[in-house]
Amino acid sequence: MKISRPRGTRDFLPENTQLRRFVENRMRDVVSRWGYHEIITPTFENLELFTLKSGEGVTGEIYNFSDKGDRELALRPELTAPVMRMYVNEMQATPRPLKLFYFENCFRYERPQKGRFREFWQFGVETIGSSRPDADAEVIALAAEMVESVGIKGDLHVGHLGIIRHILKELEAEQQTKIMRFVDKKDDTGLDDYLEQINASIELRNELFELVSITGEDAIEKARQIVGDIEELQIFEELIQILDAYNVEYSVDFGIARGLDYYTGMVFEIYASNLGAQNQICGGGSYQLIQLFGGGDVPSTGFGLGFDRIMEICELEPEQKKEVVLVATDDTRLDAIGIARELRRDVPVYLDIMQRNFKGQLSHANNIGARYVVIVGKREMEAGKVTLKDMESGEQHQLTVEDAREHILKGEM
RNA sequence: GCCGGGGUAGGGUAGCGGUUAUCCUGUAGCCCUGUGGAGGCUACGAUCUGAGUUCGAUUCUCGGUCCCGGCCCCA
């Protein structure tokens with residue numbers, strides 16, 4: 001009987017894995033150069049960690065289970081909450097701000113479709129301890145650079161929840177949430193109907209529609225005409241100035257609502273084309289979660305990148321390793337191991353373990369696309385040398401092991 | 001949770017009521033025990049699953065499951 005993969009999971013074959021690691025390392029390079037440090041949290045947590053902050057619908061997608069001690073656990077559906085939990089548990093006395101990143105798999109019980117799986121990878125960044133627009137801008141600029149670093153042209157939208165909330169502040173919390181949902185979905189007719197239903201004032205309606213449709217260079221000015229010179233707008237303006245200094249391309253979009261309610265101020269999203277319905281590759285903003293988990297009143301800003309979606313559209317190609325196949329005969333098999341050990345100091349060496357004959361080894365080298373073959377035969381051993389063969393041109397020379405190694409490293413013959 | 005389209009060797013496919021289930025590719029080996037890629041030969045290897053209809057199902061019907069896409073959702 002054949003056992004298949006669980007639904008929504010994937011196997012990554014060598015070629016694909018190599019590409020994934022390559023892309024991952026590109027992004028890792030970027031965050032490291034920005035002074036962020038990697039952390040690892042557990043694959044599973046107490047279920048409560050994830051149910052505490054989220055609303056209905058969300059909890060239904062958690063992979064949860066009880067263990068043999070009847071503890072209610074859950075495979076992490078995301079990493080922001082675990083990171084905040086970690087901060088509260090053991091990093092509260094660390095000098096602020098903290099600049100952290102992670103690259104881990106997450107699990108959600110959802111219907112798989114393009115760019116969406118039950119096990120997926122998230123690359124994320126969190127800064128903890130600064131409520132300044134400087135932190136927000138840095139995080140946005142970092143996200144933009146990471147996306148760019150893997151050759152993706154993303155469409156970055158930046159907004160601020162404080163501004164739309166200012167318009168809605170007279171309404172009940174529940175009504176605000178509903179409105180934000182419509183705004184986030186860009187569902188204007190649904191929004192209009194809802195405003196009608198709750199008897200919203202004409203002013204509010206006009207302001208709201210105007211605000212979410214603002215675009216262009218003078219977005220801040222336009223917003224100011226609608227909501228007045230409120231504090232949130234000043235902060236947002238400062239953020240925009242810093243973003244300009246980073247030389248990041250973006251559009252102001254007050255219609256970003258980010259679905260959930262724990263975001264407090266700045267919010268942003270990055271979209272990519274060619275991804276069907278799941279075109280968002282990155283989302284983030286500033287939030288307050290630490291108090292919820294029993295810590296102090298510490299502001300944070302962060303984002304998560306959907307790594308699998310990035311892989312879906314990423315066109316990078318990793319540099320091909322110059323793999324060398326060592327070909328030996330029966331009587332030189334043991335000598336070959338010694339030579340392999342020398343070469344392996346800096347080139348990947350493939351050694352036969354099938355006791356294939358000479359021809360078979362060469363043929364296999366050809367099949368796996370080896371660039372070079374190093375022949376270790378009786379004749380070579382007697383001369384104290386090896387034969388280096390270029391599989392593309394067929395050219396070959398007898399050289400010392402050291403010379404062969406240098407030729408291979410330089411990629412020449 | 002809802003709506004479409006699909007599942008035949010490892011990969012790609014043909015057959016659409018009765019076949020030894022087709023072909024290509026792959027892998028292993030031989031022809032060929034110190035020189036790969038071509039060719040020939042041999043071996044390996046498949047009807048997603050369960051029920052029903054039928055003398056007979058890979059083929060038709062229904063359920064399940066998995067894949068692909070869309071809706072909902074998306075921390």
Side-chain angles (χ1 to χ4, degrees), chain A residues 1-11 13 45 49-63 74-84 106-118 120 122 124 126 181 184-185 187 190 257-263 267 269 275-285 287 289 292 302-304 306 308-309 312 325 327-332 352 354-382 386-396 398:
Chain A
M1 157 145 189
K2 204 147 117 185
I3 297 177
S4 58
R5 256 182 287 131
R7 184 165 163 77
T9 62
R10 290 158 294 162
D11 292 315
L13 274 48
E45 297 266 3
L49 174 64
F50 303 110
T51 52
L52 212 56
K53 63 156 182 159
S54 38
E56 13 76 65
V58 164
T59 44
E61 290 169 0
I62 292 178
Y63 265 100
L75 297 181
R76 60 180 167 224
E78 53 108 13
L79 278 144
T80 302
V83 172
M84 293 306 118
C106 300
F107 308 84
R108 291 184 196 173
Y109 194 88
E110 293 185 285
R111 185 175 181 86
Q113 50 185 278
K114 193 177 178 67
R116 176 191 279 186
F117 307 93
R118 290 187 171 180
F120 59 98
Q122 253 193 13
E126 314 287 346
R181 283 272 162 88
D184 195 43
K185 277 188 244 173
D187 181 0
R258 300 278 313 127
L260 264 81
D261 6 325
Y262 68 77
Y263 285 102
V267 282
E269 293 180 342
L275 263 175
Q278 319 296 325
N279 70 336
Q280 192 188 313
I281 54 171
C282 177
Y287 56 89
L289 273 177
L292 193 58
F303 64 82
D308 303 286
R309 293 182 188 176
E312 200 92 16
V325 172
V327 172
T329 55
D330 261 339
D331 44 0
T332 59
D352 173 60
M354 298 271 276
Q355 289 240 5
R356 282 193 170 104
N357 61 25
F358 191 90
K359 201 181 181 82
Q361 291 181 52
L362 208 52
S363 172
H364 187 250
N366 187 61
N367 288 344
I368 63 174
R371 172 71 209 282
Y372 293 104
V373 160
V374 169
I375 299 170
V376 182
K378 204 169 180 184
R379 296 207 286 264
E380 284 81 3
M381 285 294 89
E382 280 163 5
V386 295
T387 296
L388 178 65
K389 181 182 175 80
D390 184 323
M391 291 299 277
E392 277 160 41
S393 64
E395 199 182 336
Q396 62 182 60
Q398 248 188 41

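Sequence lines set the chain letters: A, B, ... in the order given, protein chains first and strands last, and positions in each chain run from 1.
Straight-line distance between the C1' atoms of B/rG70 and B/rG18: roughly 41 Å, to the nearest whole Å. Remark: the separation of the C1' atoms in B/rU59 and B/rC2 is 30 Å, to the nearest Å. Comparing the C1' positions of B/rA21 and B/rG15 gives a spacing of 8 Å, expressed to the nearest Å. Only the P atoms considered, B/rG12 is 8 Å distant from B/rU8, to the nearest whole Å. Atom C1' of B/rA14 sits at a distance of 14 Å from the matching atom of B/rA9, rounded to the whole Å. B/rG26 and B/rC73 have their P atoms separated by 48 Å, with the value rounded to a whole Å. For B/rC68 and B/rG29, the P atoms lie 35 Å apart once the distance is rounded to whole Å. B/rG63 and B/rU53 are spaced 15 Å apart, taking the C1' atom of each and rounding to whole Å.
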Report, one pair per line, the protein and nucleotides 27-33 of chain B atoms (nitrogen or oxygen only) whose separation is under 3.5 Å.
unit_1: B/rA28; atom_1: OP1; unit_2: A/R356; atom_2: NH2; d: 2.5
unit_1: B/rG29; atom_1: OP2; unit_2: A/R356; atom_2: NE; d: 3.4
unit_1: B/rC32; atom_1: O2; unit_2: A/K359; atom_2: NZ; d: 3.2

Give every pair of a protein N or O atom and an N or O atom of nucleotides 41-47 of chain B that lie under 3.5 Å apart, one pair per line with the distance.
none

Pull out every protein N or O sitting under 3.5 Å from an N or O of nucleotides 1-5 of chain B, one pair per line with the distance.
unit_1: B/rC2; atom_1: N4; unit_2: A/R111; atom_2: NE; d: 3.3

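A cation-pi arrangement, defined by a distance under 6.0 Å to the six-membered ring centre and an angle within 45 degrees of its axis, is absent between A/R118 and A/F107.
Nearest heavy-atom pair across A/A74 and A/I62 is CB-CG2, 3.5 Å.
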Run the side-chain donor-acceptor check on residues 358-368 of chain A: report pairs under 3.5 Å with partners two or more places apart or on a different chain.
unit_1: A/Q361; atom_1: OE1; unit_2: A/A328; atom_2: N; d: 3.0
unit_1: A/Q361; atom_1: NE2; unit_2: A/A328; atom_2: O; d: 2.7
unit_1: A/Q361; atom_1: NE2; unit_2: A/R356; atom_2: O; d: 3.0

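As rounded to whole Å, 22 Å separates atom P of B/rC74 from atom CZ of A/R76. Summarising the geometry, the separation between CE on A/M391 and P on B/rU35 is reported as 13 Å, rounded to the nearest angstrom. The interatomic distance linking A/F117 (CZ) with B/rG69 (P) rounds to 8 Å, in whole Å. In this entry the distance linking CG of A/N279 with P of B/rC71 reads 10 Å, nearest Å. The separation between A/E395 atom CD and B/rU35 atom C1' is 15 Å, rounded to whole Å. When the P atom of B/rC74 is taken as reference, atom NZ of A/K185 falls 7 Å away, rounded to whole Å. In this structure, A/I62 atom CD1 and B/rC73 atom C1' are separated by 14 Å, rounded to whole Å.
Of the two residues contacting RNA chain B, namely A/R5 and A/G394, the nearest-nucleotide position lying further toward the 5' end is that of A/G394.
Note on A/G369: nothing from the nucleic acid sits closer than 4.0 angstrom, heavy atoms only.
Side-chain contact annotation: A/Q396 with A/T387, donor-acceptor N/O pair under 3.5 Å absent.
For B/rU35, its base never sits under 3.5 Å from the side chain of A/Q361 at any donor and acceptor pair.
Applying the side chain to side chain donor-acceptor pair (under 3.5 Å) rule to A/D187 yields the partners A/T189; only residues at least two apart in sequence or on another chain are considered. Judged as a side chain to side chain donor-acceptor pair (under 3.5 Å), and not counting sequence neighbours, the contacts of A/T332 are A/T329.
Remark: A/R7 is in phosphate contact with B/rC67, judged by side-chain N or O atoms under 4.0 Å from OP1 or OP2.
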